[in-house]
Amino acid sequence: MDIEFSQDDLAFQQKVVSFIKANLPRGMEMWTKRNEWFQALRDQGGWDIPKWPVEYGGPGFTPTQRYIFDLEMARHATPPQIPFGVGMLAPILMNYGSKQQIDRFMPGIRDGSVNWCQGYSEPGAGSDLANLKTKAELSEDGSYYLVNGQKTWTTLAHIAHWMFCLTRTSSAGAKQEGITFLLIPMDDPGVETRPIITLGGSHSVNEVYLTDVKVPVTNRIGEEGKGWTYAKGLLVHERTGLAGIQNSVLALEKAKANAREIKAGEGSLMDLPSFKNKVGALEAELLALEFTELRTLSQVSAGQGPGPESSILKLKGTEIQQRISELNIEAAGIYAAPWGATPIGPDFARGATSGYLGGRATTIYGGASEVQKDVIAKNVLGLG
Amino acid sequence: MDIEFSQDDLAFQQKVVSFIKANLPRGMEMWTKRNEWFQALRDQGGWDIPKWPVEYGGPGFTPTQRYIFDLEMARHATPPQIPFGVGMLAPILMNYGSKQQIDRFMPGIRDGSVNWCQGYSEPGAGSDLANLKTKAELSEDGSYYLVNGQKTWTTLAHIAHWMFCLTRTSSAGAKQEGITFLLIPMDDPGVETRPIITLGGSHSVNEVYLTDVKVPVTNRIGEEGKGWTYAKGLLVHERTGLAGIQNSVLALEKAKANAREIKAGEGSLMDLPSFKNKVGALEAELLALEFTELRTLSQVSAGQGPGPESSILKLKGTEIQQRISELNIEAAGIYAAPWGATPIGPDFARGATSGYLGGRATTIYGGASEVQKDVIAKNVLGLG
Amino acid sequence: MDLSLTNEQQLLQDSIRKFISTQYSLSERNKFIKEDQGYDSSNWQQFADLGWLAMTFSEEYGGLGGSTVDSMIMLEEFGKRLVVEPFLSTVVLFGAAIELAGTPQQKQSLIPSIIEGKLIGTFAYAEPVEPNNLSAIQTRATAEDSGFALNGSKSLVFNAISADKILLSARTSGEDFDEQGISLFIVDAQATGLTRTDYLTVDGLSASELQLKNVRVESDDLLGSLGSAGGLIQSLVNKGILGLAAEAIGTMEVLYKSTIEYTKQRQQFDHALADFQVLKHRMTDMFVDYNLVKSLCMKATMLEALGAAEAQRNIHALKYLVGKTGRFIGQNAVQLHGGMGMTEELAIAHYFKRLLVIDAQFGNTDHHLNKFVG
Amino acid sequence: MDLSLTNEQQLLQDSIRKFISTQYSLSERNKFIKEDQGYDSSNWQQFADLGWLAMTFSEEYGGLGGSTVDSMIMLEEFGKRLVVEPFLSTVVLFGAAIELAGTPQQKQSLIPSIIEGKLIGTFAYAEPVEPNNLSAIQTRATAEDSGFALNGSKSLVFNAISADKILLSARTSGEDFDEQGISLFIVDAQATGLTRTDYLTVDGLSASELQLKNVRVESDDLLGSLGSAGGLIQSLVNKGILGLAAEAIGTMEVLYKSTIEYTKQRQQFDHALADFQVLKHRMTDMFVDYNLVKSLCMKATMLEALGAAEAQRNIHALKYLVGKTGRFIGQNAVQLHGGMGMTEELAIAHYFKRLLVIDAQFGNTDHHLNKFVG
């Protein structure tokens with residue numbers, strides 16, 4: 001049992017940190033120089049696609065290198081990648097796509113020229129995703145599917161060129177059967193996108209209405225009726241990614257720094273017993289969660305699958321994200337009340353409430369916490 | 001809407017307080033002069049049986065007087081009455097007993113000369129009480145029941161003369177049917193009592209084994225098979241009594257006083273942020289719970305039944321009791337560890353851990369908190 | 001002791017319930033906040049006509065002689081429909097200040113106008129340096145000629161955009177954080193040297209930051225005695241807290257009840273959400289916590305109305321619980337509404353936001369817990 | 001970085017598992033605690049024979065050169081069966097002190113005896129005035145002739161009843177609460193003037209209050225340098241905390257797992273308890289919290305073994321979480337066992353009590369949370 005990284009791993013860590021320091025855009029450049037950053041990653045030999053296999057251009061990281069890479073990227077708050085193409089569709093394509101589909105779609109994903117969105121959730125199919133109703137009927141000549149239905153909570157649908165989409169081709173058998181995985185161009189006249197403004201006041205999710213959209217069978221991934229199998233593996237993957245533990249470490253440090261600037265009596269808010277204790281309780285759990293992620297990594301490095309403790313990462317990680325965002329509104333005090341662009345009160349207070357409200361989604365999307373607990377109880381603890 | 005007591009009620013309150021001050025045994029006399037205390041209550045004209053109707057000797061308090069009476073008794077930590085005879089069996093006797101049964105059993109309950117215990121719970125029937133299996137078979141000549149089975153968690157069975165007991169006379173129909181209410185003398189040779197030592201280290205509950213106990217039908221209350229109906233009303237009543245809110249008010253004051261005596265750095269434990277905040281959070285909820293009890297009382301005074309808010313009293317009251325007992329072990333620090341009679345550390349520390357452990361029962365007995373929540377969800381909120 | 005409503009109180013409650021059920025749907029409310037002054041003037045005139053604005057003022061100046069208990073009854077109902085009209089600013093804070101400390105002249109010139117719905121007032125007490133500290137007053141009132149010149153700034157002044165008069169704390173002596181040396185002034189909202197930065201708050205209401213540069217007030221604009229307004233400010237803050245708490249009670253009631261309704265309708269995994277035991281218990285917790293806050297709100301309000309010394313502790317405990325429970329109920333309303341709870345469209349989003357703003361005002365959860373434990 | 005066990009560690013773990021599964025049922029354990037010295041001497045001899053007592057000592061004095069990580073592996077297994085032998089007192093505390101600060105003579109005279117199972121030691125650090133404050137030392141060591149005379153008292157000294165030697169903190173200079181001026185002495189348990197009040201602790205272990213009246217020690221009974229034992233005491237307390245935490249991990253694992261098993265068997269309302277969603281989620285919470293503490297225990301232990309500066313913060317956080325989670329898991333194990341959980345008979349009662357005593361030692365939950373947040 002050894003907590004230290006090997007010399008090789010430390011050298012790799014050094015390399016990653018140096019790269020970040022040399023290439024990371026600062027301040028407002030975060031938004032304007034995004035593309036340059038991803039190009040620099042690409043130029044390193046697949047650092048933009050750290051999880052891809054070597055044959056598709058991935059960098060071939062060991063599990064420990066992957067962890068170090070993710071850790072340093074998070075620690076330095078590098079710009080997040082939009083996950084739908086690179087992270088979500090690509091693995092499915094690589095595993096289940098035809099040679100033709102791979103040749104057609106992978107390049108646009110690889111160079112970031114094509115934006116994808118994920119058409120899974122529906123008004124009646126959220127946590128219970130297999131309940132989806134969007135209908136895809138095969139034409140008589142078997143050349144296309146006619147798709148009708150509604151998707152919702154579709155992140156970035158309004159800037160996407162394509163959607164990968166779960167549709168129902170049969171209602172026989174279990175809900176999980178009869179689901180088919182289709183790729184749909186967003187510029188089809190039957191596709192209509194309407195914005196949803198969320199609690200935090202922002203527009204990133206949408207409703208997508210599909211009316212008589214004709215999707216050629218060549219846009220179907222794998223077999224008809226097997227879509228659930230293809231998508232399922234990824235859902236699990238999506239969940240661990242949502243723990244955002246390193247982001248929380250940064251966010252908590254920021255929250256503490258902000259609270260130190262808020263005058264409260266003789267000292268700062270960080271001297272106020274109730275606030276201080278909440279910070280402490282949270283930080284202790286975060287320390288523990290951070291190391292839980294390492295335990296998971298260590299098992300994967302040792303060639304075992306992730307152990308049962310990996311199941312807690314999303315559950316606890318999102319809870320901690322939310323508690324940090326609560327600290328921020330508490331620290332903002334009366335300045336948690338102003339809304340909108342006018343700068344009122346301390347800088348951090350401006351985004352505190354919208355961050356808190358927007359963050360309520362983390363325990364709902366990607367498997368609501370209640371559903372996560374059902375799953376852990378059943379699959380890990382053998383309950384019911 | 002008026003928070004103040006009327007002049008009459010204030011005068012009554014004064015009378016109660018004066019009575020207590022004049023008669024309450026102090027210190028060790030609490031144990032030796034118990035009987036004198038109850039005699040003094042009796043001499044006031046039924047103050048030992050405040051809930052009994054006037055025709056049975058009760059004092060005829062108004063609901064507000066009852067509240068004031070209970071409040072002051074709790075505030076002054078007067079010796080608690082053993083509830084089985086006066087509080088539990090008597091109302092059932094008065095409502096459902098025959099003239100003969102009333103004449104036979106009420107006097108012993110009234111003057112405290114006969115101890116009763118409650119034979120309800122069984123190894124397979126705790127929160128799910130109606131699941132009880134103790135069998136009572138009517139003899140061929142119809143003169144007695146032959147009772148076989150086992151009761152458990154029977155409080156004070158080891159000093160009881162009689163047990164009132166739920167038995168199963170039929171397995172047909174719903175579980176709640178076929179239950180019969182019998183009175184059983186504890187000196188019957190077929191009754192065997194074995195102590196259960198509970199977590200806190202004390203003996204107050206027992207297992208009671210019933211083997212071929214012959215119970216004359218004249219010891220049956222009401223009709224055969226209707227026992228559940230008779231017992232049920234009382235169960236609800238038992239639950240509200242368990243909230244112990246005024247005891248908690250006293251206990252919290254004591255816990256704070258104790259903590260003030262514990263040195264911690266420059267000040268006392270009460271200056272330690274985490275402890276102080278726990279006390280504050282608890283006290284705020286207790287203030288709120290106290291007034292919730294008054295809201296219930298006010299509705300009863302106004303001739304309405306207790307409103308939905310009354311259902312929270314036991315649930316929240318027991319939770320608060322337990323949290324106060326946690327404060328005590330925290331305040332005791334290392335002196336929470338010693339066990340038994342040897343006096344080690346500050347006085348209050350001696351009973352802290354056994355009090356804490358014993359108190360775990362409050363959220364289990366009399367309807368576990370989880371069952372209470374099921375009941376509130378169903379009956380009050382109309383859920384499921 | 002009798003906690004049921006008197007006949008008069010019952011009538012008052014009924015009249016408000018009737019008003020909001022017929023004229024105050026949430027979509028209408030969301031139109032009202034878009035009007036220039038942030039609320040609907042004809043509603044305000046109706047409040048006056050129905051006698052609601054008169055309720056808590058003394059009969060001598062045209063009021064109905066009610067107490068904080070009557071405010072509570074009104075605000076609880078307002079909270080159920082997120083009423084945006086400036087009742088708290090004008091009546092509970094500004095109006096009460098005049099009633100408590102005004103000279104007969106001040107009362108005569110202001111209270112009847114408030115009651116008639118002709119005068120909107122507000123209360124500017126917080127300053128950026130330490131908004132929760134009522135003594136952290138850096139705004140200076142310098143005596144000159146027959147009056148004062150005010151210089152400084154104020155934060156989060158609700159309804160300043162529509163106010164005719166602003167009650168404003170300023171330092172007439174002492175150092176920045178001294179408890180003594182603070183005075184209250186009735187300032188004309190249009191006074192020269194007073195500039196506003198207006199903004200919306202999270203819940204859609206209007207608030208402003210104020211800058212004062214040599215704003216001139218006369219000596220008869222002073223409210224109460226010179227340099228010792230601390231007690232009066234605390235009383236007003238207490239009234240503000242009680243008012244917000246009552247509103248929050250109404251708001252929380254709607255949230256927990258609509259969550260129950262939603263989960264009964266919404267199907268997931270072939271069951272109504274309401275069939276899941278974990279969700280049932282969560283809603284039971286919401287119900288339990290709601291009832292605790294409601295109890296403490298009633299208690300603290302009645303104690304304040306009596307002028308009892310123990311009111312202060314109860315008010316601290318109350319504001320703490322309002323914040324804590326408001327967040328618990330709001331968060332779980334959103335969580336149990338699932339994705340739907342995340343949309344701006346749904347009513348619960350607005351109710352939740354209102355609770356967040358209520359927590360932020362007059363010191364939040366943390367602040368009052370620390371005050372309560374001393 | 002590799003968090004899997006080395007081959008040697010795996011062998012060690014296996015040997016303990018084998019021992020407790022064959023020789024250490026809970027009923028046997030409850031007999032062991034009834035023996036005069038509070039544990040079973042032949043068990044202790046087996047610990048020695050199996051090399052467990054040698055594990056963490058340096059090879060120079062007959063040890064196997066292991067670290068705190070090896071202690072953790074052993075104590076986690078001990079915790080699963082509530083092993084009562086004085087491993088923590090003798091090896092983790094007393095033994096480590098000698099190893100860390102002893103002179104070659106002290107090491108030679110004590111360590112081999114410990115390894116052979118011939119010497120029981122313990123550590124007396126807490127005093128009644130403020131037990132959690134390691135500098136609150138009122139016991140005085142007054143220099144006289146070639147040694148010192150000790151006067152004062154010590155609280156909650158585990159295994160003093162069976163100890164041959166007691167490591168004891170005493171003040172050789174300064175005021176009662178000074179950080180400086182504290183020294184450590186190796187005191188013979190049979191020394192004249194040393195009296196014990198023995199008692200059982202909640203978990204059935206043996207502890208004592210000590211009174212010292214002119215207890216004579218020689219100058220070569222001093223451990224480490226005169227008057228500056230503060231750092232060493234903190235190191236020992238850290239080792240004690242890590243040891244208790246490892247034990248607690250084992251204890252919590254048994255509690256949450258046996259609760260799962262019980263609820264699968266126990267029927268209520270015609271269902272296994274394990275079918276109720278609220279109970280499923282509760283057990284999931286127990287599992288989640290257990291895993292968090294386990295992670296932090298591993299981390300803090302490895303950091304301490306490396307001598308990393310950040311170990312201290314992690315140890316404070318760990319002891320806080322051990323106490324909090326221990327109570328959460330213990331309480332819910334009792335709650336979910338219903339009435340059965342309330343009986344002394346059932347195993348879970350003993351496990352719960354052990355967790356309570358672990359919380360009480362070396363500063364409880366509250367104490368370490370406050371230390372952690374600084």
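In what follows, every chain begins at residue 1, and chains take the letters A, B, ... in the order their sequences are listed. Atom set for the values below is all heavy atoms of this structure, side chains included, hydrogens, waters and symmetry mates excluded.
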Could you look at Pro123(B) and say if it's the side chain, the backbone, both or neither that has a heavy atom under 4.5 Å from chain D?
backbone
With a 4.5 angstrom heavy-atom cut-off, which part of Phe276(D) approaches chain B: side chain, backbone, both or neither?
neither
Test side-chain contact (heavy atoms from CB on, under 4.5 Å) applied to Leu357(B) and Phe352(D), step by step
CA-CA 9 Å; Leu357(B) 287 167; Phe352(D) 184 21; 3.7 Å; yes
Contacts of Phe32(D) meeting ring pair (Phe, Tyr, Trp, His ring centres under 6.0 Å) (sequence neighbours excluded), chain-then-number -> Tyr24(D)
Residue part contacting chain B, namely of Leu279(D), when any heavy atom lies under 4.5 Å:
side chain
Looking only at Gly345(B), Ala368(B), Ala264(B), most heavy-atom pairs under 4.5 Å shared with chain D are made by Ala264(B)
Best-contacting candidate, Ala336(B), Pro346(B), Ala337(B), against chain D by heavy atom pairs under 4.5 angstrom:
Ala337(B)
Identify which part of Ile196(B) has an atom lying under 4.5 Å from any heavy atom of chain D, answering side chain, backbone, both or neither.
side chain
Between chain D and chain B, which N or O donor and acceptor atoms come closer than 3.5 Å?
{"unit_1": "Glu130(D)", "atom_1": "OE2", "unit_2": "Gly265(B)", "atom_2": "N", "d": "2.6"}
{"unit_1": "Ser155(D)", "atom_1": "OG", "unit_2": "Tyr335(B)", "atom_2": "OH", "d": "2.5"}
{"unit_1": "Leu200(D)", "atom_1": "O", "unit_2": "Trp339(B)", "atom_2": "N", "d": "2.9"}
{"unit_1": "Val202(D)", "atom_1": "N", "unit_2": "Ala337(B)", "atom_2": "O", "d": "2.7"}
{"unit_1": "Arg266(D)", "atom_1": "NH1", "unit_2": "Pro123(B)", "atom_2": "O", "d": "2.6"}
{"unit_1": "Arg266(D)", "atom_1": "NH2", "unit_2": "Pro123(B)", "atom_2": "O", "d": "3.0"}
{"unit_1": "Phe269(D)", "atom_1": "N", "unit_2": "Asp128(B)", "atom_2": "OD2", "d": "2.6"}
{"unit_1": "Arg282(D)", "atom_1": "NH1", "unit_2": "Glu370(B)", "atom_2": "OE2", "d": "2.9"}
{"unit_1": "Arg282(D)", "atom_1": "NH2", "unit_2": "Glu370(B)", "atom_2": "OE2", "d": "3.0"}
{"unit_1": "Arg327(D)", "atom_1": "NH1", "unit_2": "Glu326(B)", "atom_2": "OE1", "d": "2.6"}
{"unit_1": "Arg327(D)", "atom_1": "NH1", "unit_2": "Glu330(B)", "atom_2": "OE2", "d": "2.5"}
{"unit_1": "Arg327(D)", "atom_1": "NH2", "unit_2": "Glu330(B)", "atom_2": "OE2", "d": "3.2"}
{"unit_1": "Gln331(D)", "atom_1": "NE2", "unit_2": "Glu326(B)", "atom_2": "OE2", "d": "3.4"}
{"unit_1": "Gln331(D)", "atom_1": "NE2", "unit_2": "Tyr356(B)", "atom_2": "OH", "d": "2.7"}
{"unit_1": "Gln335(D)", "atom_1": "OE1", "unit_2": "Thr363(B)", "atom_2": "OG1", "d": "2.7"}
{"unit_1": "Gln335(D)", "atom_1": "NE2", "unit_2": "Thr363(B)", "atom_2": "O", "d": "2.8"}
{"unit_1": "Gln335(D)", "atom_1": "NE2", "unit_2": "Glu370(B)", "atom_2": "OE1", "d": "3.0"}
{"unit_1": "Met342(D)", "atom_1": "O", "unit_2": "Leu199(B)", "atom_2": "N", "d": "2.8"}
{"unit_1": "Glu344(D)", "atom_1": "N", "unit_2": "Ile197(B)", "atom_2": "O", "d": "2.9"}
{"unit_1": "Lys353(D)", "atom_1": "NZ", "unit_2": "Leu199(B)", "atom_2": "O", "d": "3.3"}
{"unit_1": "Asn364(D)", "atom_1": "ND2", "unit_2": "Glu330(B)", "atom_2": "O", "d": "3.2"}
{"unit_1": "Asp366(D)", "atom_1": "OD1", "unit_2": "Ser274(B)", "atom_2": "OG", "d": "2.7"}
{"unit_1": "Asp366(D)", "atom_1": "OD1", "unit_2": "Lys278(B)", "atom_2": "NZ", "d": "2.9"}
{"unit_1": "Asp366(D)", "atom_1": "OD2", "unit_2": "Lys278(B)", "atom_2": "NZ", "d": "3.4"}
{"unit_1": "Asn370(D)", "atom_1": "ND2", "unit_2": "Ser274(B)", "atom_2": "OG", "d": "2.7"}

Checking Val334(D) against chain B: side chain, backbone, both or neither under 4.5 Å from a heavy atom?
both
Where does Ile334(B) contact chain D at under 4.5 Å (heavy atoms): side chain, backbone, both or neither?
both
Counting heavy-atom pairs under 4.5 Å to chain D, which of Ile262(B), Leu199(B), Ile329(B) comes out on top?
Leu199(B)
Heavy-atom pairs under 4.5 Å with chain D: which of Ala361(B), Gly126(B), Ala125(B) has the most?
Ala361(B)
One option among Val373(D), Leu156(D), Val357(D) has the most heavy-atom pairs under 4.5 Å with chain B, and it is Leu156(D)
Ala126(D) versus chain B, the contacting section by heavy-atom distance below 4.5 Å:
side chain
Per-residue tally against chain D (heavy atom, under 4.5 Å) across Val205(B), Leu269(B), Leu272(B) peaks at Leu272(B)
When heavy-atom pairs shorter than 4.5 Å are enumerated against chain B, which of Ala136(D), Pro131(D), Gly339(D) gives the highest number?
Gly339(D)
